[in-house]
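Report on one structure; see the data block that follows.
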Amino acid sequence: MKVGIIGAMVEEVTPLIEAFRGLGCPTAQENLGGNTYYKISVGANEVYIAYSKIGKVHAAITASVMIAHFGCEKILFSGVAGGLAKDLKVGDLLIASKLCQHDVDISAFGHPLGFIPESATFIAADAELNALAHKVAKLIGKELREGVIASGDQFIASESKKAWIIKEFGADAVEMEGASVAVVCNAFGVPFCVFRSISDSADGSADVSFDEFLESAAKVSAQFTLQMLKALGYALEL
Ligand code: SAH
C-alpha cells in the first residue's frame, strides 16, 4: 500500500520523519515542483511524506503530486488548526467530518458562500478512514473529536471573523489547507482524512498562541497519524 501524509509546515512533518528514522525505516527523498517528498519503506508498504507550504494552492499541488505522480492510494493530512468550537482547547485533536473553503465567494451570482459550480460547498472526508480513526482513538485511549473544518488563505485572528465562519459554515476549526486536499482527493477518488491538533483559538491572541504551541500541537497530530498507519497495516513498533 502507498499512503501519502501531508503537512503544511516543516514543523508538522518533522516528527513523522524523525519517528520513521528512529524505527530504522529506509528513507529516500525526491524534489518535485518545489517540495521535497520523503519516500519511506515500512516492510512491503510505502509512505510518502511532504510539507506543502502554507495555503490551499500549495496543499493542492502536494496532494496532486502524491496521487498522480507517486500513486498514493490514501491521503492523510496532519497539522494544527485554530479552534472555533468553544470546548476545543490547545492540544485537542480533531478529525474533519467535512471541509469547506470559507474564502470562496461568488455570491454576487446568487451562489451560496463557499460554493463553486460543478463542485460542492462541503466535501466529506472518507467515512472508513474516519471510522478507523475513532477505533484507533478508543484503542489507545486518546480523545478524538470530529467536526467541520473551514479552510481559507487567511490566518484567522479575530473574534469577528471567527464568529462569521462559525455562523456561515458551522465550522469547529479553521486552517489553511484541508479543504484543498479534500477537493483534490475527491477529484481523483482517493480516500482521505484530515487530522488537526489545536494550536490557537483563532481570536485576538491566536498569533501568540500559535507560536507557543505549534510544535507541541503538531506532535499530537503526527503521533496519532502514525497510529493510523499502524491500523492501516503498516508494521510499526509504536
Ligand atoms: N507562523 C507562520 C504562519 C502560520 S499560518 C509563518 O510566519 O510562516 C498558520 C498555519 O497553521 C496554516 O498552515 C494553517 O493551516 C494553520 N492554522 C493554525 N491556526 C490557524 C488559524 N487561526 N487560522 C488559520 N490557519 C491556522
Side-chain angles (χ1 to χ4, degrees), residues 5-9 11-13 15-16 59 74-102 114 121-152 155-157 159 161-182 185-186 191-203 205-206 209-210 212-232 238:
I5 304 178
I6 306 175
M9 293 168 287
E11 291 87 349
E12 291 170 325
V13 299
L16 290 162
K74 295 182 197 304
I75 297 287
L76 312 180
F77 192 103
S78 176
V80 303
L84 302 177
K86 276 198 180 66
D87 52 344
L88 274 178
K89 304 177 303 297
V90 165
D92 285 354
L93 186 63
L94 178 93
I95 192 171
S97 52
K98 57 182 183 174
L99 302 100
C100 63
Q101 300 183 58
H102 67 72
T121 305
F122 291 99
I123 295 177
D126 182 64
E128 278 179 29
L129 285 175
N130 277 12
L132 184 64
H134 286 296
K135 207 170 138 190
V136 168
K138 209 169 165 191
L139 199 73
I140 64 171
K142 171 90 191 148
E143 198 176 325
L144 177 67
R145 286 274 302 268
E146 183 167 329
V148 176
I149 290 185
S151 311
F155 182 76
I156 305 302
E159 285 292 354
K161 190 75 205 232
K162 178 177 169 175
W164 181 86
I165 294 171
I166 296 171
K167 177 168 77 73
E168 296 297 342
F169 299 99
D172 297 289
V174 65
E175 36 86 312
M176 302 176 68
E177 298 84 16
S180 67
V181 172
C185 291
N186 193 46
F192 74 95
C193 67
V194 176
F195 295 104
R196 291 282 184 173
S197 177
I198 302 303
S199 55
D200 62 88
S201 296
D203 55 12
S205 55
S209 177
F210 177 90
E212 186 174 350
F213 297 111
L214 165 62
E215 276 189 36
S216 57
K219 277 185 194 151
V220 169
S221 180
Q223 274 155 14
F224 195 86
T225 303
L226 287 170
Q227 295 285 352
M228 267 302 273
L229 277 184
K230 191 175 169 182
L232 283 167
L238 301 175

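Below, all heavy atoms of this structure are taken into account, side chains as well, without hydrogens, waters or symmetry copies.
Put simply, the side chain of E12 gets close to the backbone of V80: a donor and an acceptor are under 3.5 Å apart. Looking only at distances, a side-chain donor or acceptor of K162 sits under 3.5 Å from a matching main-chain atom of S201. No donor-acceptor distance shorter than 3.5 angstrom exists from the side chain of D126 to the backbone of F192, with no hydrogens or angles considered. In this structure, the side chain of S199 does not engage the main chain of L214 through any donor-acceptor pair within 3.5 Å. At distances below 3.5 Å, at least one donor-acceptor pair connects side-chain atoms of S216 with backbone N or O atoms of F213.
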Next item on the list: Decide side-chain contact (heavy atoms from CB on, under 4.5 Å) for L129 and L232; before the verdict, give the C-alpha distance in whole Å, the side-chain angles of both, and the deciding distance to 0.1 Å.
Entry: CA-CA 9 Å; L129 285 175; L232 283 167; 4.0 Å; yes
Note to self: Pair D87, R145 - check salt bridge (Lys or Arg N to Asp or Glu O under 4.0 Å), show working.
What the structure shows: CA-CA 10 Å; D87 52 344; R145 286 274 302 268; 3.1 Å; yes
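Contact record, V90 with S209: CG2-OG, 3.9 Å, taken as the closest heavy-atom pair. Minimum interatomic distance between L84 and I166 (heavy atoms only, all atoms of both residues): O-CD1, 3.6 Å. Here the shortest heavy-atom pairing between C100 and F169 reads SG-CD2, 3.6 Å. Residues I149 and A96 share a closest heavy-atom pair of CD1-CB, 3.6 Å. Between M176 and S151, the shortest heavy-atom distance links the atoms C-CB, 4.3 Å. Across A173 and L94, no two heavy atoms sit closer than the pair CB-CD2, 3.4 Å.
In this structure, L226 and L16 have side chains that are in contact, with non-hydrogen atoms separated by less than 4.5 Å. Within the 4.5 Å cutoff, the side chain of S78 has no heavy atoms near those of the M228 side chain. Within the 4.5 Å cutoff, the side chain of V194 has no heavy atoms near those of the E177 side chain. V148 has its side chain within reach of D172: a pair of non-hydrogen atoms, C-beta onward, lies under 4.5 Å apart. Taking 4.5 Å as the limit, every side-chain heavy atom of F224 sits out of range of all side-chain heavy atoms of I95. Counting only heavy atoms from C-beta outward, the side chains of L238 and Q223 never approach each other to under 4.5 Å.
The environment of K142 atom NZ is dense: over 12 non-hydrogen atoms of other residues, nucleotides or ligands sit within 6.0 angstrom.
The distance from atom CZ of F155 to atom CG of D200, rounded to the nearest 0.5 Å, is 4.5 Å. If you take CD on E128 and SG on C193, they are separated by 11.5 Å, rounding to the nearest 0.5 Å. The distance from atom CG of L139 to atom NZ of K230, rounded to the nearest 0.5 Å, is 8.5 Å. To the nearest 0.5 Å, atoms CZ (F195) and CD (Q227) are separated by 10.5 Å. The distance from atom NZ of K98 to atom OG1 of T121, rounded to the nearest 0.5 Å, is 9.0 Å. How far OG1 of T225 is from CD1 of I6: 11.5 Å, rounded to the nearest 0.5 Å.
A search for salt bridge (Lys or Arg N to Asp or Glu O under 4.0 Å) contacts involving K89 returns D92, not counting sequence neighbours.
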